[in-house]
Amino acid sequence: MTSPVGSEPLPNARELFDIPDGIAYFNTASVAPTLRTGLVAGEAALLKRAQPWRLLGPDWFSGAERRRALFGALIGATADDIALVPATSYGFAVAAANLTARAGSRVLVLDGEYPSGIYTWWRFAERTGASMLTVRREPGQTWTEAVLGALDDSVAVVSVPRVHWTDGALLDLDRIAEATRAAGAALVIDASQSVGAIPVDVRALRPDFLVSVGYKWLLGPFGLGYLYVAPAHQEGRPLEENWIVRKDSDDFGRLVEYRTEYQPGARRFDVGARTAFELTPMALAALEQLSAWTVPRIAVTLAATTARIASAARERGLPVPSPRGPHMLGITVPEGLQKRVVAALEEADVFVGARGSAIRISPHLHTTGADIEQLLTALDAALNR
């Protein structure tokens, strides 16, 4: 695990989150706590939505465009490259609908990967006559080594994350992207467990598609996600046909003058009802805060937190993955104890995730030294029962 060069850690920001003293929340990778600014923005949005005469024509577009631009800036893309989607599954579905594979080719995925992608590629394989290639690691092998060892010119699509969602194990996407291009395959990245917490640059990676939900490391509400679409695919077919993605849709008086043209870039892939009057201000508040913090500084700060936890875990003889992302880690407890340990931690007001065979630890800038001590004390008590 490496930290971005030249990035200074951020001060603790617990006061910006609505987390009471005594609560040690280490489950950002499941659902992030909402920023206080997000709560204020959401309340104001609900009050405005309750009086719909206050909603003006530009309100249907301005927040969505601002969201598009802010997310694009986080990954090195332009606003034109970003579609607004409700979920990872929707983004994967857009990717699958706009990619092809010859019969007998393969779709490369990781063992134990997030289900939405797996199910999407199952259906894609059925449609195209391709088959699934599930990459597994041998003992001592990294995910990067396993992927590169399996990737050849029989692969039509490589669908991988930046870090494995169960334990934060890191993939070297620069190497994988280069090998994917050399094999003539398409690259689809699930960035739900990375964008907002670890630098991701589509200019270097050049994926065909990259998708992320907004309620994890982007600190936003449910239902507002993001899809990067490479320029080569921006003339493709959307999953649905809705009015707001068509040319001149901001001219309400001419909506029945039906258009064949779409708005530019990836906007044609936006989900209907993308405006989300009630939720968009919450997403904007979160994206603006992330932009102010900057992702490299978030990554450096979280790396120090997870390094402390990883060191303590190793001292207790509990394995953690290496290499891993700076923002999360999976702790492997003795077989059969995972559910019992997680339940015991919750009794001590320590909240983690149980994913795969690991106890997944995912802090954020609200995490304090006292939280870490509370986690370790509760973990010791649970394991010594």
Side-chain angles (χ1 to χ4, degrees), residues 27 29-31 83-137 143 146-147 150-151 154-169 171 173 176 180 185-195 200 207-218 222-230 233 236-240 266 269-274 328 330 353-358 360 362:
N27 208 10
S30 179
V31 181
L84 303 179
V85 299
T88 304
S89 57
Y90 195 101
F92 273 121
V94 170
N98 287 276
L99 293 174
T100 59
R102 66 184 185 278
S105 62
R106 301 190 290 177
V107 179
L108 187 154
V109 297
L110 303 187
D111 185 37
E113 185 53 293
Y114 194 72
S116 292
I118 299 299
Y119 296 145
T120 300
W121 299 121
W122 280 4
R123 183 63 57 86
F124 176 84
E126 290 175 0
R127 172 171 64 83
T128 61
S131 62
M132 300 294 292
L133 171 59
T134 301
V135 174
R136 296 176 174 85
R137 291 182 295 176
W143 278 120
V147 169
L151 179 53
S154 72
V155 174
V157 178
V158 174
S159 180
V160 291
R162 184 76 169 85
V163 297
H164 201 288
W165 74 294
T166 61
D167 61 4
L171 284 81
L173 284 190
I176 291 172
T180 298
L187 177 61
V188 180
I189 298 173
D190 182 355
S192 292
Q193 294 294 2
S194 51
V195 173
V200 175
D208 292 85
F209 297 90
L210 176 148
V211 64
S212 177
V213 297
Y215 62 86
K216 299 179 185 290
W217 301 99
L218 295 175
F222 270 88
L224 301 187
Y226 306 87
L227 175 68
Y228 166 81
V229 181
H233 299 290
R237 182 181 294 275
L239 293 187
E240 58 181 82
F269 301 109
D270 287 355
V271 68
R274 71 179 191 197
M328 57 191 287
R355 299 294 187 274
S357 61
R360 188 180 65 187
S362 50

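The chain is numbered in sequence order, starting from 1.
Residues Ala156 and Ala101 come closest through the heavy atom pair CB-CB, 3.6 Å. When all heavy atoms of Val157 and Ala185 are compared, the pair lying nearest together is N-CB, 4.2 Å. Across all non-hydrogen atoms, the minimal contact from Ala130 to Val107 is CB-CG2, 4.5 Å. Nearest heavy-atom pair across Asp208 and Ala186 is OD1-CA, 3.3 Å. Contact detail for Val211 and Ala87: the closest heavy-atom pair is CG2-O, 4.3 Å. Between Pro238 and Phe269, the shortest heavy-atom distance links the atoms CA-CD2, 3.7 Å.
One finds the CG atom of Asn27 at 5.0 Å from the OG atom of Ser362 (value rounded to the nearest 0.5 Å). Note: Arg355 CZ to Tyr114 OH = 8.5 Å, rounded to the nearest 0.5 Å. Rounding to the nearest 0.5 angstrom, the gap separating the OH atom in Tyr226 from the CG atom in Leu84 is 7.0 Å. Rounding to the nearest 0.5 Å gives a distance of 11.5 Å between OG of Ser212 and CD1 of Ile189. Separating the CH2 atom in Trp143 from the CZ atom in Arg136 is a distance of 8.5 Å, to the nearest 0.5 Å. Taken from CG in Leu173 to CG in Leu187, the straight-line distance is 7.0 Å, to the nearest 0.5 Å.
Side-chain contact between Val271 and Glu240 is present, with at least one heavy-atom pair separated by less than 4.5 Å. Counting heavy atoms from C-beta on, the side chains of Arg237 and Asn98 come closer than 4.5 Å. Within the 4.5 Å cutoff, the side chain of Trp165 has no heavy atoms near those of the Met328 side chain. The shortest distance between side-chain heavy atoms of Leu218 and Val195 falls below 4.5 Å. The side-chain heavy atoms of Leu227 and Tyr90, taken from C-beta on, include no pair separated by under 4.5 Å. Side-chain contact between Leu110 and Val147 is present, with at least one heavy-atom pair separated by less than 4.5 Å. Residues Thr128 and Thr100 have side chains not in contact (no heavy-atom distance under 4.5 Å, counting atoms from C-beta outward).
Without hydrogens or angle criteria, Arg162 side chain to Leu171 main chain gives a donor-acceptor distance under 3.5 Å. Listed for the His164 side chain is a donor-acceptor partner under 3.5 Å among the backbone atoms of Asp111. Side-chain N or O atoms of Lys216 include one that pairs as donor or acceptor with a backbone N or O of Ser30 at under 3.5 Å. Formation of a donor-acceptor pair under 3.5 Å by the Arg127 side chain with backbone atoms of Ala96 is found in this model. Without hydrogens or angle criteria, Gln193 side chain to Pro161 main chain gives no donor-acceptor distance under 3.5 Å.
Ring geometry for Trp121 against Phe92 counts as perpendicular: the plane angle is over 60°, on a 0 to 90° scale with 30° as the lower cut.
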